[in-house]
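Here the structure comes first, spelled out in structure tokens, and everything after it is commentary.
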Amino acid sequence: MGYIMLLLATLAWSFVGVLVKTGTTMVDCAILSFARFFFGVLFLAAYLWLRDGKLQLKFGMKWIWIGAIGKAINYVFENIALYIGYSYGNILVQPVQTVVLLLAAAFMFKETITKRSWAAAALCIIGVLIVGWNGVPFAELMQGGGLTTLLFTIAGVGAAVHVLSQRMLIKSMDNGNMNTSIFIVSTLIVTLPIPFQSEGFIGPVTPWAWGALLLLGFITGFSFLWSAEAIKRVPFSFVAIAGNCTVLFAIFWSYLFFNDPITIYLMVGTFVFVAGLLLLNFPLTRHKRVKQINV
């Protein structure tokens, strides 16, 4: 069962870019961000109610709000970047998140960071820079060609803040109610600017676009649960490999559905930061594996 949950989480995350691109053919990024959280809350709350017969939500804890702000930043900037860029672009979020979490471990939690971990972080940064560059002339990058990379970097920072909040909350809340609480607050946050900046429905209303919005909500609601359960049951070496396959799947889907260009720079950069992620993850012990929260 753990392998099935890991496969579901891996495939779910790999489809995010394609689903966002499909959803934004009908609605703008503001509505898309709202839909990801709103439908995610509905799916997750319904599941918890059927499982436990109740919801145990908490909104008075500061890390709920910190995590909600982080996740809202993650989705808002990721959606904008995917809208203006390629559907595989969100592969940059994971390495950025990894580097931010490593820095947080060193400076916030005063954990000892090994040379191997710093080398892994360096590979992640180099890989992100190569993918962001993608062979574009330097002058074009300076004129805005690197905008999507900047947006994905901000999204990665937001994702890291969400993971940090999970680390702080997991001892006092179960994963399901914790994320439901965070996502409800995130929904409120991304709703605030809609009356002032959203254009609402910007394209034809299609079943494909509606399906994309619902699937994005479903992924928001359940992928974190699947991942957390898989980590408890599956050898971490397999988790590390399968988790990074998300990147390869995302690139494949982007080419298959949107014919996005796959350049040598993209492949080299991806290889470099995936190597960094594997280098960082493989030394984890069984004790650490159980505690890790994957995103």
Side-chain angles (χ1 to χ4, degrees), residues 3 6-18 74 78 81-82 85-105 113-136 146 148-160 162-163 219 223-224 226-227 230-231 234-256 260-284 288-289 292-295:
Y3 289 96
L6 180 61
L7 176 63
L8 288 172
T10 300
L11 288 176
W13 289 326
S14 72
F15 273 109
V16 166
V18 169
N74 173 207
E78 181 181 64
L82 285 169
Y86 295 123
S87 60
Y88 60 71
N90 61 330
I91 64 174
L92 299 179
V93 171
Q94 186 177 1
V96 171
Q97 172 189 296
T98 299
V99 173
V100 174
L101 290 175
L102 190 66
L103 293 173
I113 308 301
T114 65
K115 292 181 180 179
R116 183 171 185 172
S117 295
W118 287 121
L123 287 175
C124 286
I125 294 172
I126 292 170
V128 168
L129 290 176
I130 294 174
V131 173
W133 168 43
N134 203 19
V136 174
T148 55
T149 301
L150 174 61
L151 293 173
F152 282 125
T153 298
I154 298 173
V157 173
H162 175 233
V163 175
I219 291 169
S223 61
F224 300 101
W226 292 333
S227 178
I231 288 172
V234 177
F236 191 74
S237 58
F238 194 85
V239 173
I241 294 172
N244 288 296
C245 284
T246 298
V247 172
L248 303 179
F249 280 126
I251 293 173
F252 176 72
W253 303 140
S254 71
Y255 177 77
L256 181 65
D260 288 340
I262 309 301
T263 67
I264 185 64
Y265 303 98
L266 170 65
M267 299 309 299
V268 170
T270 299
F271 174 81
V272 171
F273 75 64
V274 167
L277 293 171
L278 291 174
L279 182 65
L280 181 65
N281 286 329
F282 266 113
L284 291 179
K288 291 181 180 178
R289 180 205 323 166
Q292 179 172 337
I293 301 173
N294 197 8
V295 173

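- Taken from CD1 in I262 to OH in Y255, the straight-line distance is 8.0 Å, to the nearest 0.5 Å.
- Taking both residues in full, the closest heavy atoms of A159 and Q97 are given as CB-OE1, 3.3 Å, listed atom of the first, atom of the second, then distance.
- The closest side-chain heavy-atom distance from V128 to V99 is not below 4.5 Å.
- The distance from the CD1 atom of I130 to the CE atom of M267 is 12.5 Å, given to the nearest 0.5 Å.
- Shown here are the ring-ring contact (aromatic ring centres under 6.0 Å, His included) partners of Y265, two or more places apart in sequence or in another chain: W133.
- Nearest heavy-atom pair, G276 versus C124, reported as atom, atom and distance to 0.1 Å: C-SG, 4.1 Å.
- Residue L7 holds its CG atom at 10.0 Å from CH2 of W226, rounded to the nearest 0.5 Å.
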Criterion side-chain contact (heavy atoms from CB on, under 4.5 Å) on L92 and T153, from CA distance to verdict:
CA-CA 7 Å; L92 299 179; T153 298; over 6 Å; no
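- Two residues are said to be in side-chain contact when any heavy atoms from C-beta on lie closer than 4.5 Å; F152 and L82 meet this criterion.
- Scanning both residues, S117 and L280, for their nearest heavy atoms gives OG-CD1, 3.5 Å.
- In terms of the ring-ring contact (aromatic ring centres under 6.0 Å, His included) criterion, F273 has no residue partners (sequence neighbours excluded).
- Of all heavy-atom pairs spanning A155 and V93, the tightest one is CB-CG2, 4.1 Å.
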Begin from the C-alpha positions of W253 and S87 and carry the test side-chain contact (heavy atoms from CB on, under 4.5 Å) through to its verdict.
CA-CA 8 Å; W253 303 140; S87 60; over 6 Å; no
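- We find the OG1-CD1 distance between T270 and I251 to be 4.0 Å, quoted to the nearest 0.5 Å.
- Put simply, CG on L103 and OG1 on T98 are 11.0 Å apart, with the number rounded to the nearest 0.5 Å.
- Nearest heavy-atom pair, W13 versus S223, reported as atom, atom and distance to 0.1 Å: NE1-OG, 3.0 Å.
- Taking all atoms of both residues into account, the shortest heavy-atom contact from L102 to A121 is CD2-CB, 3.4 Å.
- Two residues are said to be in side-chain contact when any heavy atoms from C-beta on lie closer than 4.5 Å; L266 and Y88 meet this criterion.
- Residues satisfying the side-chain contact (heavy atoms from CB on, under 4.5 Å) criterion with L129, sequence neighbours excluded, are I125.
- For the atom pair OG of S14 and CD1 of I219, the computed distance is 8.0 Å after rounding to the nearest 0.5 Å.
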After noting the C-alpha distance and the side-chain angles of H162 and N74, does the key distance pass the side-chain contact (heavy atoms from CB on, under 4.5 Å) rule?
CA-CA 9 Å; H162 175 233; N74 173 207; over 6 Å; no
